[in-house]
Amino acid sequence: MSRALLRPALELRAPITRLLQSIRPKTVTPLLGATATISVRFFNQTTQHVEQPTHPNPAVVANATSSLASQRPPLSTQPQHQPPPTPPSTPLSESVRALLPALAAQPGHYITIHIHGVPYLVTEGDSVRLPFKMPGVEPGDVLRLNRATVLGSRDFTLKGAPYVDERLFECRAVVMGTESEPMRVKIKKKRRCRRTKTVKSKHRFTMLRISELKIRTEAVNES
Amino acid sequence: MTIKALQAVSVGRNGVGAFVLQCKKMDFHYCDWAGSSRGMNGFIKSLLPKFAAAHPQVEFTVSPRPSKHPVIIAHYINGREKAVCVRNMEPYDILKKAELLRDASGEKLRRVTKPVQSVNESVRGIWSPYHGNGMRV
């Protein structure tokens, strides 16, 4: 009797703040192709890598969950991640310098972005269904995609070796939500054995919408 | 022949300009008598206030549904509803179901083979045998 009363009390006793303090900070590996420009999540288990917004008006960059700002613990209490040291920037090649403005001047562009090594050929406004559920993101989060192999227009194509220089483009995607496939049932049965085993699968997938694809011609002047 | 303008109907692309969460309302039904609703009662007391405060764009309703299992019903912008029965679940499991409903769009579940879906015409144009370098035979 007492255990039945104690168990629900134990479950309700642990407040959400305990969950946040028990999280071990995770370092962002350079293999990840995307960085998230979002604030700390309230119910999620993984700590986020947050890019400091360089936009002059921070209210524009903040997403829909900015109302959470007053409730979450201040970011200074969490250990600060040192950003990975940026490699020395290589100069752009002559063909890139000469033809990038022409590529940018054309009306339509496409880009082959890589997310965890998998390529997706997208234009602005496309929706991408990733073959996995991305942890630690909520609908409305903005991801800055920095791995691309091909950036092209109708008459010009910029091929990366192996990736296109990050300074040449800006590609942002908004997390739309998580979709699910219909339930699949696989029945496993051997011949001359009556026993059947049923296995159910219902995978979840993260949906992204490519909100921005911009070619930075000023990178030619900077380098 | 007179030249007529082509009518271009605008297609909504949620996320390109502003992002609108597809879930607009969530109903939480509980029961005071049923044992299967214990987790839901605990969820409503402990976790629901913070979840609702974190989503000001969603309308939350809490109402008793006596002698029935607890259920969460989510209403979406495309007019469809999704109901999830949360009988005999713990409060944190119910929270995961609520997050599942919040992340979903109201579309029916369907199997999608291609990852990218686009309404834009092709950037490099359609191939034509009369243009380009031609083929040497």
Side-chain angles (χ1 to χ4, degrees), chain A residues 8 11-16 41-44 63-65 67-68 70-71 106-110 118 120-131 133 137-142 152-155 157 173-184 202 204-212, chain B residues 11-23 35 38-39 41-47 49-58 76 82 90-93 95-96 98-125 132:
Chain A
E11 279 151 18
L12 298 176
R13 190 168 53 96
I16 307 295
R41 294 276 148 255
F42 198 52
F43 292 108
N44 285 7
N63 57 11
T65 59
S67 62
L68 204 46
S70 55
Q71 298 176 26
Q106 295 211 297
H109 303 104
Y110 68 91
V118 179
Y120 303 95
L121 196 154
V122 291
T123 55
E124 195 173 323
D126 293 353
S127 70
V128 183
R129 190 220 61 191
L130 302 176
K133 178 165 155 332
V137 285
E138 283 191 0
D141 292 347
V142 179
S153 68
R154 190 186 159 95
D155 299 315
T157 311
V174 176
V175 177
M176 305 293 297
T178 305
E179 295 298 324
S180 171
E181 56 165 358
M183 177 86 79
R184 282 180 289 151
K202 192 174 183 184
R204 310 265 309 278
F205 308 111
T206 303
M207 304 286 291
L208 304 179
R209 170 84 67 181
I210 307 295
S211 59
E212 179 194 348
Chain B
V11 178
R13 298 183 305 176
N14 189 18
V16 173
F19 173 72
V20 178
L21 194 69
Q22 293 297 300
C23 179
R38 271 187 310 217
N41 296 356
F43 170 81
I44 288 170
K45 283 183 208 158
S46 62
L47 301 176
K50 295 201 171 81
F51 185 75
H55 302 90
Q57 65 271 48
V58 181
Y76 295 93
K82 274 187 167 187
E90 301 304 324
Y92 281 110
D93 299 331
L95 176 67
K96 282 208 297 208
E99 285 177 351
L100 184 152
L101 289 171
R102 172 209 62 193
D103 291 345
S105 77
E107 300 295 322
K108 272 176 112 160
L109 301 182
R110 57 173 64 93
R111 209 174 67 87
V112 180
T113 43
K114 310 260 187 319
V116 179
Q117 199 183 3
S118 171
V119 295
N120 306 326
E121 62 263 10
S122 64
V123 173
R124 293 180 59 178

Gap separating the [atom1] atom of [X] from the [atom2] atom of [Y], nearest 0.5 angstrom:
X        : Y        : atom1 : atom2 : value
B:Leu100 : A:Lys133 : CG    : NZ    : 8.0 Å
A:Thr157 : B:Arg124 : OG1   : CZ    : 4.5 Å
B:Ser105 : A:Glu179 : OG    : CD    : 4.0 Å
A:Ile210 : B:Arg13  : CD1   : CZ    : 11.5 Å
B:Leu21  : A:Met176 : CG    : CE    : 9.5 Å

Could you tell me if the side chain of B:Val16 sits less than 4.5 Å from the side chain of A:Arg209, heavy atoms only?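 Side-chain contact under 4.5 Å: yes.
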
Is A:Thr123 close to B:Ser118 at the side-chain level, that is, under 4.5 Å between some pair of heavy atoms?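 Yes; the side chains approach each other to less than 4.5 Å.
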
Please check if the number of heavy atoms outside A:Gln106 that lie under 6.0 Å from its CD is greater than 12.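 Count over threshold, so yes.
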
Take atom CZ in B:Arg38; do more than 12 heavy atoms of anything else shown fall under 6.0 Å from it?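 No, CZ of B:Arg38 has 12 or fewer neighbouring heavy atoms, counting only those of other groups under 6.0 Å.
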
Which atom pair, heavy atoms only, marks the closest approach of B:Gly15 to A:Ser211?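 Closest heavy-atom pair between B:Gly15 and A:Ser211: O-CB, 3.4 Å.
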
When you look at B:Val116 and A:Leu121, which way does the side chain to side chain contact (heavy atoms under 4.5 Å, CB included) test go after all the steps? CA-CA 8 Å; B:Val116 179; A:Leu121 196 154; 6.0 Å; no

At a heavy-atom separation under 4.5 Å, does A:Val175 approach chain B through its side chain, its backbone, both, or neither?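 A:Val175 touches chain B through backbone heavy atoms alone.
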
Leading residue by heavy atom contact count with chain A [cutoff under 4.5 Å; candidates B:Val20, B:Asp103, B:Val11]: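 Maximum pair count with chain A is reached by B:Asp103.
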
With sequence neighbours excluded, tell me which residues meet side-chain hydrogen bond (donor to acceptor under 3.5 Å, both in side chains) with A:Glu124.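 Scan of A:Glu124 (side-chain hydrogen bond (donor to acceptor under 3.5 Å, both in side chains), adjacent residues dropped) gives none.
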
Partner residues of A:Arg184 under the salt bridge (charged side-chain N to carboxylate O under 4.0 Å, His left out) criterion, sequence neighbours left out: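 Per chain and number, A:Arg184 pairs via salt bridge (charged side-chain N to carboxylate O under 4.0 Å, His left out) with A:Glu181.
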
So which residue, A:Ser127, A:Gly152, A:Gly108, ends up with the most heavy-atom pairs under 4.5 Å with chain B?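 It is A:Ser127.
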
Contact leader toward chain B among A:Met207, A:Arg154, A:Lys202, where contacts are heavy-atom pairs under 4.5 Å: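 Between A:Met207, A:Arg154, A:Lys202, the count favours A:Arg154.
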
